[in-house]
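From a predicted model like this one, the values you see are computed outputs, not experimental measurements. The chains referred to below are lettered A, B, ... by the order of the sequence lines, with proteins before strands, and numbering in each begins at 1.
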Amino acid sequence: QTIGVSIPAATHGWAGGLNFHAEATKQRLEAANPGLRIVLLTANSASEQANDLEDLLAIHHIDALVVLPFESAPLTGPVRNVKRQGVFVTVVDRGLSEAGIEDVYVAGNNAEMGRVSAQYIKQSLSDGGDIVVLRGIPTVIDEQRFDAFMAELEGSNIKVLDNKYANWNRDDGFTVMQDFLARFPKIDAVWAQDDDIAIGVIQAVRQARRQDELFIVGGGGMKEIVKRVMDGDRLTPVDVLYPPSMIATAMELTALKFLFNVPISGRYILGSPLITQENAAEYYFPDSPF
Amino acid sequence: MSTHRVSKSFGHVEVLTHIDLEIHTGEVLAILGENGAGKSTLVKLLAGYEEVSAGELRLATADGSTVPVASWNIEVAEQHGIVLIHQEFNLAEQLSAAENIFLGNELKRGLFLDQERMLRLARKYLLALNCQVDPATPVSELAVADKQMVEIAKAYARNSKLLILDEPTAVLTSKESEVLFRLIERLKQQAVAIIYISHKLEEIERIADRITILRDGEMVGCYPASSLSTDDMARLMVGRELSNLFPNIPAPLDEIALRVVNASVPGLVQAASFELRRGEVLGFAGLVGSGRTALMEAIVGLRKLTASAQIEVAGKAVSYPNLAAARDDGVAYLTKDRKASGLLLNLNLVFNFSLLSLSALFLQRKYAGLLIDQKKEQRAFEQAIKTFDIRLKDSAITAGDLSGGNQQKLLLAKIMAVAPRIIIIDEPTRGIDIGTKSQIYHFIAELAANGHSIILISSDMMEIIGLSHRVAVMCRGELTGILVDDEIEEHEIMRYATGLKRQPGKNNSEDQLCA
Amino acid sequence: MPEKFGFKLDLKTTGPFLALITLIIIGMLVNDAFLSTGNLSNILARSSFIGIVAIGATFVITAGGIDLSVGAMAAFISGCMIIIMNSLIGTIESSVAIILLAIIASAGIGALAGLINGILTTKAKIEAFIVTLGTMGVYRSLITYMADGGTLSLDFSIGDIYSEVYYGDLLGLPYPAWVFLGVAIIGYVLLNKTVFGRHCLAIGSNEKVALYSAIHVDRVKTMTYMLQGMCVAIATIIYVPRLGSASGQTGILWELEAIAAVIIGGTVLRGGYGRIWGTVVGALILTLIGNILNLTDAISNYLNGAVQGIIVIAAVYLQRGAWRRNKQ
Amino acid sequence: MPEKFGFKLDLKTTGPFLALITLIIIGMLVNDAFLSTGNLSNILARSSFIGIVAIGATFVITAGGIDLSVGAMAAFISGCMIIIMNSLIGTIESSVAIILLAIIASAGIGALAGLINGILTTKAKIEAFIVTLGTMGVYRSLITYMADGGTLSLDFSIGDIYSEVYYGDLLGLPYPAWVFLGVAIIGYVLLNKTVFGRHCLAIGSNEKVALYSAIHVDRVKTMTYMLQGMCVAIATIIYVPRLGSASGQTGILWELEAIAAVIIGGTVLRGGYGRIWGTVVGALILTLIGNILNLTDAISNYLNGAVQGIIVIAAVYLQRGAWRRNKQ
Ligand SMILES: Nc1ncnc2c1ncn2[C@@H]1O[C@H](COP(=O)(O)OP(=O)(O)OP(=O)(O)O)[C@@H](O)[C@H]1O
Ligand SMILES: Nc1ncnc2c1ncn2[C@@H]1O[C@H](COP(=O)(O)OP(=O)(O)OP(=O)(O)O)[C@@H](O)[C@H]1O
Ligand SMILES: [Mg+2]
Ligand SMILES: [Mg+2]
């Protein structure tokens, strides 16, 4: 039995976590099940991932596919092609733009992530306040998070001063935040959306010595940030989970289906819980790279 | 230094066979030979630019005997004081004259460059050569002749023991050459050995102590200079008697082929006016930088003319926006700088040959319709090889590997391939051997006789005098006079060229025509 | 002696092929499935994008220019095509007609984009590197803007029909491979058999000589950029049916891949020497490397890039025959 | 005549400054905060990375080469430094000593990486574009591998001390700006006042001439790559204390930015003409554009890239004075 796993390459922190969990799960599953072969391929772009899917079919003759699409729309067709060859398909995180292709869907909830972040900010700044938003890379994921975040804030007296792309990248987070700090004398909170960005934001805020006037909400569940939450850092009181370990869940589910013929199908949506000082220990994995 | 049975091959073509040569201190050894005889290749071997294929190089030791040198390359040669002035320019265009003069040999003060001293010395070296250029000027902005002077200065600055000059005077006027000869005299007295290559036989006669003659890669012999007349030299080189150098050209027709009125190029040429008849050879004389090239380039659309200029070709007013327009109208221009603007040195000969004619409208059916008919192109090229006597041992080489004179012939063939009615040739015989020169002169005569019109720019006074019906002279951007009949004589031309004399009415518009 | 000379010449043109064959042998050794028709036709279809773009780049580079905007341009043209097709759905009945219209529009946009690059380089006299770096930013932004930060998707009703262009085949060869072949043949004829190609070579070799040879230097250079634009358009035309969408991430780094394919193929980056068949082989080599890495999971995914880098260097080393030259 | 000539020369060197001043005026108009000392010192500190890398690139490009590996090399060296520092924590008492050791190692690795690029280009005679594209892949992969796909983080105990190097200032100017200035001065002297610089220019201008002038062409070229490597190392030394981390994302696209800075500054991509102060200004211009875009929300986020692209083209157009030349 061969399971093909196709995911984006480790080009930023969260994807690095994804790769780590995928590789670890592959080792674990293969060790435990001698008959099972898992081929793990990583791609740097949507079209490279489409190539990988073709190769998994043509060369590795996979029986099942676990795919975390680089982008939803462009990979819909290629995944459909795989499905048409009778392969069992598990889609992770980013839903395809056409319903009914996948057998199993395991995903975080981007909209919920935005919503939970907004709720926390609303609640913390009950008297209203000014916030800035640092976004990811212009993609659907970012759109979903951002739109839900803005929708949730609607009607509140929280004002979004500006939003800029920080490309899920520490350096850009740092630079954009430096400029926000130079531009806005009063910022009450920052939604960094992603923990890599948050790391950059923290440094910029500390450089400007304004750590006492604002707080930062990141996202993902990177160990550094979770640790800070756990330690009760005022600057990062919470984090919002978006676990890269969802790939492990998906691979395990798919393996179960094959090894024990457990009837598995449907949608497994992982929530995006708020990580607070109280529950942080549950989400802290010091050995993970993310 | 000496060579012993030295041979050189490129691929399977042997271009030098068993050459024995001896060079002594304080003498000038001239090397003579037709284009492609292997002169440049031989001196490149001596200077370590190329590796010897067979035979050996020997160096003189203190006790007067010679020892073979095992590994010979540019650096070793340089250490032994051997300096070559390459036939083709050997300067970095973006660097200044001074920077080029000291390139690879920079003067330092501590860790840093001593720029002031280098500038000062460079100016001194250049002045010693009577060259007025500012040593801080980038070489790319210098005129061809000045570039050559910079090269000579570069060699001079190196305190060489053996100085090799490969056709140094090809781009120089007689006056500038004279400066060089005086320099050579001085070096001789300082016990510097000199190898001198030139196609100008009078020069050889004047400065050489011994003459080695090469023919087709082989030694013809080595003679004391006093034993050979220029005619002997020519005969030994070419292997046959030469007929008269300058052919007779029939008188031009009355029909005016080209009329230029008030042509000015900002900063370079002021209000030049002249006309050219069918079947006429109009010489253009002047000192280096007198603006002849600028004027012609402007006429054919390579430079901008001022609005006041009027040009008529065959009675029709024209104004060429670019060279292609001029070419399609039957006006062609042969550049004097074959390396910078004449040939694509890294491409093959056929491509170079057909480059200008390929897209000419009236030639399209010949070999360049929708697709290039490469067979016809090849045939046209082979025809041109014969017509222009381009000597090559291997037609697969690139233009850059052609000998200097053969490059010039290829350039001429390239221009002639468009069959122009009016041909402007700028320094056409630069670096051409005496035999071929005569061929080219006959060729020009034939063109004129067939009703073509020719403008001949040349720094070779004999050439101008020998070929032209009339001679226009320019001085510092002004056309100072158009000489006819008996006026065409060296001293008279020089008087106009230096501005000592000018014809009345010249350079103040219309009334000057047909003086 | 004579043999050596002949051999050296040979190596210049056969070099890329040698590297290609070496890679194919490696592929065969690593996995039997490599030679399956399915895999081979995948490779051919895949390499066609970069290959077609690289054929355009061969002209630009041969004429002494460079174009960094091709990847962003591909994304932008994809976006335009999708918007055009989606918006025509109501108005025109036939899907095929809509697709044809979009294809024509695509070629036009490509030519126009190339024209802009060309004019900025030749008339405004700005370095090609800067011009195309700038237009790269512009096209990337425009597609992001058009997609509202997300992805533009082709309507399924058309997508299903259009996808035949990528997935269909003729005589066992996928359509994209046919298109690639066609573009390569046209490119070959254009570069080697026409006046235009000659002029590209001349300009890349020495612009001043070209000027003195009555060549319309600016016009020819602009035309190479237009040709590049149209090649990008053709690549887009077969790219859109594959993934049916366009976003700010489409075609990322195609510029580097295309230039790499051109240089691997033996064309000289400084201009004056171009080889279309070399470029085709270069594109195949690049695609093959990706494919071979997918044949095995012996190498950590993290190191894919390293292996890729080393193979590219090795391939060029092999084909340049530097080791031979150094020995003599 | 003489005046015209003088003016042309002037424009060539003052051009980049004109563009810079224009941008500064735009910045002032866009937002008052632009001129705050905080913002200005941010800009200076930020531009120092690209600036220092670009100074190295000025040498490589002046000598006719190109180096695409600098961004990946920066990431790799950052990673090495962090690993070295983290692993020394137990063994050496003083944090300052550890940091100094890492700095020395960084310079060594940079020089070595440059040496490899240089040798592959000069000895193996592989095009610089291919060599450095290859090593770019290699270094990117290595850092990803070293970080296990994630991020390497500097231990806090050292990070807190080291961070002074980025965040500290002297006479009101942040340290990175001082380093930038220092590297620029050294670079200027090296390029304009030493034999080495002269030889770089000569090689870029005409390699054959340089060879015939008995210049050690291969050695000088290799040294430009080593210099580039060391500049990358210096940039890394002030980069690491900023965020105390390194990942596969570090230094992405620095190569294009560095080359752009060099060309904006007036250095010619084909080699033979280099201007260190131009490069400094080029780096400042690039940083300024990003900063100005962050200071306003007048422009849709999606279009940032477009504005950036247009400004870069306009800046070069302005400084080349093409409009003047065209007029005459
Ligand atoms: N690199 C090369 N490869 C192949 N052939 C070459 C190469 N260099 C020179 N040749 C050939 O060697 C022959 C001798 O050339 P060389 O330049 O020595 O002639 P020359 O005597 O200097 O002629 P000229 O008077 O025209 O300068 C020519 O046929 C030339 O084409
Ligand atoms: N692009 C340029 N920049 C600066 N000076 C130039 C440029 N082009 C030409 N010149 C100068 O203009 C003057 C006229 O040049 P031109 O080549 O027309 O003289 P010429 O009389 O034809 O020279 P020759 O006698 O060598 O054929 C020369 O001093 C030359 O150095
Ligand atoms: Mg892959
Ligand atoms: Mg010669």
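- Ranking A33(C), G149(C), G150(C) against chain A, the residue ahead of the rest is G149(C), based on heavy-atom pairs under 4.5 Å.
- With a threshold of 4.5 angstrom between heavy atoms, Y145(C) does not approach chain A through any atom at all.
- Taking chain A as the reference chain and counting heavy-atom pairs below 4.5 Å, the highest number among S247(C), G38(C), G251(C), G244(C) is found for S247(C).
- Ion pairing between a basic and an acidic side chain is recognised when a charged N comes within 4.0 Å of a carboxylate O; E143(A) and R135(A) show such pairing.
- No side-chain donor from either of T151(C) and S245(C) sits under 3.5 Å from a side-chain acceptor of the other.
- Put simply, the side chain of D93(A) reaches to within 4.5 Å of the side chain of M246(A), judged on heavy atoms.
- Checked by atom type and distance alone, the side chain of E112(A) pairs as donor or acceptor with a backbone atom of S272(A) at under 3.5 Å.
- L65(A) has its side chain out of reach of F88(A): every pair of non-hydrogen atoms, C-beta onward, lies at least 4.5 Å apart.
- By a heavy-atom distance cut of under 4.5 Å, K26(A) are the residues of residues 21-30 of chain A near chain C, going up by number.
- For chain A, no part of D32(C) is nearby; none of its heavy atoms comes within less than 4.5 Å.
- Looking only at heavy-atom pairs under 4.5 Å with chain A, the residue among I43(C), I252(C), T144(C), D148(C) that has the most is D148(C).
- Residues K164(A) and D162(A) are paired through a salt bridge, judged by an N-O separation under 4.0 Å between the basic side chain and the carboxylate.
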Residues 1-9 of chain A side chain polar contacts: donor-acceptor under 3.5 Å, at least two apart:
from: S6(A); atom 1: OG; to: Q49(A); atom 2: NE2; distance (Å): 3.0

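- The contact between N42(C) and chain A is made by backbone and side chain atoms together, counting heavy-atom distances below 4.5 Å.
- Using a 30° and 60° split on the angle between ring planes, W254(C) and Y239(C) fall in the perpendicular class, above 60°.
- Residue Y175(C) qualifies as enclosed at atom OH: its count of foreign heavy atoms under 6.0 Å is above 12.
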